[in-house]
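Below: the structure, in C-alpha cells.
Just so it is clear, the values below take in all heavy atoms, side chains as well, and ignore hydrogens, waters and symmetry mates. Naming convention: chains lettered A, B, ... in sequence-line order (proteins, then strands); numbering from 1 in each chain.
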Amino acid sequence: MGVSQKNLITLLYAGSAGVGRRFRKLAAAGSRRWPCRAAFAINAGLMMRWSRSFLPTLREAPSDAESASHKLMVRAGLVRQLSAGVYSWLPLGVRVLDRIRAIVREEMNRAGAIEVYLPVLHPAELWKETGRLDAYGDALCKFTDRKGHLNVLGPTHEEVITDLVRNANFSYRDLPVNLYQIQTKIRDEPRPRFGVIRTREFIMKDAYSFDADPAGLDRSYEAMYAAYVRIFTRCGLRFRPVEADTGLIGGDVSHEFMAMADAGEDLVVHCAACGYAANREKAESRAPEGEPDAADLTPILPPMKQVTTPGQRTVEQVAAFLGVTPSGIVKTILFRTEQGFLAALVRGDHDVNPLKLQRAARVSALDMATADEIQKETGGPIGFSGPVNLKMRILADSALKSMKNFVTGGNRPDLHLINVNLHRDFESEAFADLRYVQEGEACPRCAAPLAFATGIEVGHVFKLGTKYSTAMRCEFLDGTGTRRPMIMGCYGIGITRIAAAAIENHHDDAGIAWPKELAPFQIEVLSLKGKDDRIPPLAESAVQALEQAGFDVLWDDRDESPGAKFADSDLIGIPLRVVVGKRTVEGGTVDVKSRRKPEQRSVPVKEFVNAVQEEWNAYRP
RNA sequence: CGGGGCGUAGCUCAGUCUGGCCAGAGCGCUUGGUUUGGGACCAAGAGGCCGCGGGUUCAAAUCCCGCCGCCCCGACCA
C-alpha cells in the first residue's frame, strides 16, 4: 500500500526495459530466433486507444445473424452488413484480415510463389476464349461499358493469369513459375449465407502454377499443399484436407481444406480409423465382399411380373404399396447429355451422384431429364421409369450386382415390375460407383464405418492440367524447340472466410477467443479509473511498457463501468488482458488474464511485462 | 428459381388479427448529478416518410394491390 505514483510509473517502465533491450539486441544481431518479432523490437508494438478508434460493440446480435461467427463478428464490431452477402470491415476486422494476409504471404513466399496483383475488371473476350463466359453461369457479374464492350467482374483469375503468362513468352528455362495475388472476388452467389462465410464479394488468395511437365506440376502441387497445412495450422483452425473431385477436367488430383465447424456448408466424409477424408462428391465406400453374381442364379429365379401401382411414384410410396423395403427397389434416373439420354440405375435407398455418373459415362455435361422428356423417351410418366426394354444407354451402380428379384418402373402409367433381374430382363452397359456414400458405410481403405461432418472450405488446391493453357495457347518452348502447353495448377484460400472459421473454432458464450496469430491485438489493457485520476497515467505507462516489449496493445481507456469493459473485453477476445485499477494504486499490482483461462494472475508492477510475456508464450494456439 | 418468414428509433422488439387517444418499451445516445473490479442509479432530453408506391375509408403502422429489401429452408432421385 501507499507506493507513490511516480514510483509505480518508474516500475512499470523498468519491468519492460530488459525485454526491450533483449529484442533490440537480437534484432541487431540478425537473430533468427524470433523472426516475426524482430521488426516489432526495433519499432515498438502498436497501440490503439479504444476511445479514439471505431469499435462499435453491440450487446445484442442483429436478428438476421444465424451462426456463431456471424453474430460475434457483428457484435464485436468486426464487420457490418451493407446488403445481402456484402460486408464492410471495421478497424478490428481489418486488423484480423491483415494478420491472415501476413501469414498467407509469408507462407506463399516461403514456398517460392511470387506476388502479383491482377485486375478485377476483365474484358469479356478473355472469358470467351475459354468458353467460361457462358459456362460460368449466372454467378458471373457482367456489365457493358460506355463503349459498348462487355466486361466481367472477376470471380476468379485463371483467364487473366494465363493471358499474362502466355504473353511473357517463357521458355522451359523460366519454368516453373507460381504467381499469386490477394484480391477481392465478385460472385453473384444465388444464396449468400452465414455472415462472411458465403458472400458475393470476398477476399481470396489465389495462386497459379505453370510447369513444363507433369512431374513439375506434382512438385508445385505438393509445395502448395504443404504451405496450406502450415497456413491453416498457424491460423489455429481445426482443419482437415479432404479429397475432392475435379469433374471431368483432366481427371486429376484435388484437395479441399476444410475447417471443421457446425456452420459449415460442405459435408465431409471421413474415417476415424485410417484418416481417409473426402467431400461428399468424391467420397467412396467399400463394396460388400463375396456377393454372388446375379447371373449365376438365373435358373432358379421367379419370372418377372407386372403389378399395378396406381399413383405410386416415389420409392417410398412404391415400397409401402408393395410391402418391400426401398433397398429392394431399383430407381431409374434419366439424364440428358450431349450424346443423348442415358439412364442411371441405383438402389431405392441410394442417391445418384451426377459427378460420378458423368465420369463413368464419359460425358461432359449432364442434366436431369424433365418430366416431358421422360414421357417422350420412356413412353411412361415420371415416377414409372425402369430399365426393361428401355432404349438408351444404361449404367448401373455397383450395388445392383448383388441384387435380385427387385422392383422397377414399368415405363407405363401406374405400372411397376417385380422379380426383375439383371442379365435376364435387361442389360447394363457398365457397373460403376454412381452414388453418394451414406453415413456408416465401410471406409474404402480400411472398412471402418465412415462418419459425416460439416466443414467450411477455407482452401482448395487443384491440378488443372492444360485446360486453360490449351484453350488460350499459353505455351513454352521446350529443350527441343517444340511449343507445348504449360501444365497448370491453381490454389485458392478464402481470406475473409478464415476469420469466420477461426471464430467458429474459438469462441464461448461470452465472445471470441482469438487464435494467437490472428488476434487483432495481443494485449488489451483495461483501465478501471473510477474517480481516481492517478489510474489513467499508470495505465498509459503500462501500455507503453508493453509497446516497448514489442506487443500490439489495445487500451480500453473509455469512461465505462468495469462490468461493461470486462464484457466487451471477453467479446472481442484479445488473447491477454491487463487490468490497471484501484489495486494497482493500492497494492502495486496489475491483473493479467488469458482469454483461454478462467482465472487471472495478480502480479507486482515491476514483474508484469515478464508475466505478460510468459502468458503470451503459453497461449495456444 | 420454388417455398416460408420478416420489414415500426442506432440495436432488440411490442402494437397489425379486431382501423380511431399525441406510435410505444428495453438497450444505446445527449445533459446534469450520484456511482465505479463483471454490462450501475436518478432526473431531464434528442431521436420515427411505421420499407416504397398506389388504393379502400370520415380515419390506415393496422385492410387491399403492386414493388423493393433482408433472413431461413429447398433446388428437381422418377
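Considering only the side chain of A/Pro62, B/C11 comes nearest among B/C11, B/C71, B/C77. The A/Lys582 side chain lies nearest to B/G37 when the options are B/C70, B/G37, B/C29. The side chain of A/Ala564 has B/G39 as its nearest neighbour among B/G39, B/C72, B/C76. Of the listed nucleotides (B/C72, B/C71, B/G39), B/C71 has the atom at the smallest distance from the side chain of A/Ala84. Of the candidates B/G38, B/C73, B/G39, B/C73 carries the atom nearest the A/Arg191 side chain, counting heavy atoms from C-beta on. If you check B/U12, B/G37, B/G39 against the side chain of A/Arg59, the one that comes closest is B/G39. Considering only side-chain atoms of A/Gln81, the nucleotide from B/U12, B/U36, B/C71 that sits closest is B/C71. When distances run from any side-chain atom of A/Val352 to the nucleotides B/C77, B/C70, B/A40, the shortest one goes to B/C77.
Atom P of B/A61 sits at a distance of 12 Å from the matching atom of B/C17, rounded to the whole Å. Taking atom P in both B/C13 and B/C22, the straight-line distance is 29 Å, to the nearest Å. When the P atom is compared between B/A40 and B/G3, the two are found 48 Å apart, to the nearest whole Å. Rounded to whole Å, the separation between the C1' atoms of B/C52 and B/U34 comes to 47 Å. Comparing B/U62 with B/G15, their C1' atoms are spaced 9 Å from each other, to the whole Å. Look at the P atom in both B/A46 and B/G5: the space between them is 39 Å, to the nearest Å. When the P atom is used for both B/C73 and B/U56, the distance is 41 Å, rounded to whole Å. For the P atom pair drawn from B/G37 and B/U12, the interatomic distance equals 31 Å after rounding to whole Å.
Within residues 305-323 of chain A, the residues approached by RNA chain B to less than 4.0 Å at the level of any non-hydrogen atom are A/Arg313, A/Thr314, A/Val315, in residue-number order. Taking every heavy atom of residues 85-96 of chain A and every atom of RNA chain B, no pair lies under 4.0 Å.
Nucleic acid contact for A/Ser83: sugar-phosphate only, since backbone atoms but no base atoms lie under 4.0 Å from a heavy atom of the residue. Contacts of A/Gly581 with the nucleic acid, taken as non-hydrogen atoms under 4.0 Å apart, include base atoms. Among the protein residues, A/Gln600 comes within range of the nucleic acid bases, having at least one heavy atom under 4.0 Å from a base atom. A/Leu526 comes within 4.0 angstrom of no nucleic acid atom, judged by non-hydrogen atoms across all strands.
In a base pair of the Watson-Crick type (N1 to N3 plus N6-O4 or O6-N4) or a G-U wobble (N1-O2 and O6-N3), with each distance short of 3.5 Å, B/C11 is matched with B/G26. When both distances must be under 3.5 Å, the Watson-Crick or G-U wobble mate of B/G47 does not exist. Remark: B/G2 base-pairs with B/C73; criterion is Watson-Crick or G-U wobble with both hydrogen-bond distances under 3.5 Å. Across every strand in view, B/C52 sits in a pair with B/G66 that passes the Watson-Crick or G-U test at under 3.5 angstrom. Of all nucleotides present, none satisfies the Watson-Crick or G-U wobble test against B/U35 with each distance under 3.5 Å. Across all strands shown, B/A59 remains unpaired; no Watson-Crick or G-U wobble contact has both distances below 3.5 Å. Pairing for B/G19 is absent, judged as Watson-Crick or G-U wobble with the two contacts each under 3.5 Å.
Protein atom CD of A/Glu586 is 13 Å distant from nucleotide atom C1' of B/U36, rounded to whole Å. As rounded to whole Å, 12 Å separates atom P of B/A40 from atom CG of A/Leu528. Separating the CG atom of A/Leu55 from the C1' atom of B/G28 is a distance of 16 Å, rounded to the nearest angstrom. We find that CG of A/Asp532 is positioned 13 Å from C1' of B/G37, with the value rounded to whole Å. Between the CD atom of A/Glu66 and the P atom of B/U12 there is a distance of 14 Å, rounded to whole Å. Here B/G26 presents its P atom at 13 Å from CD of A/Glu60, a figure rounded to the nearest Å.
With hydrogens and angles left out, the side chain of A/Arg577 and the base of B/G38 share a donor-acceptor pair within 3.5 Å. Between the side chain of A/Arg75 and the base of B/G39, at least one donor-acceptor pair of N or O atoms lies under 3.5 Å.
Each of A/Asp64 and A/Asp591 was assigned the nucleotide of RNA chain B with the nearest heavy atom; the assignment lying further toward the 5' end belongs to A/Asp591. Of the two residues contacting RNA chain B, namely A/Phe566 and A/Thr332, the nearest-nucleotide position lying further toward the 5' end is that of A/Phe566.
Within the 4.5 Å cutoff, side-chain heavy atoms of A/Trp127 are placed close to those of A/Leu140. With contacts defined as side-chain heavy-atom distances shorter than 4.5 Å, the pair A/Asp568/A/Leu55 does not qualify. At least one side-chain heavy atom of A/Arg577 sits under 4.5 Å from a side-chain heavy atom of A/Asp570.
Residue A/Val388 comes nearest to A/Asn411 through the heavy atom pair O-ND2, 3.4 Å, listed as atom of the first residue, atom of the second, then distance. When every heavy atom of A/Val315 is checked against every heavy atom of A/Gly348, the shortest pair comes out as CG1-O, 3.7 Å.
Taking the six-membered ring for Trp and the full ring otherwise, the centers of A/His350 and A/Tyr436 sit at least 6.0 Å from each other.
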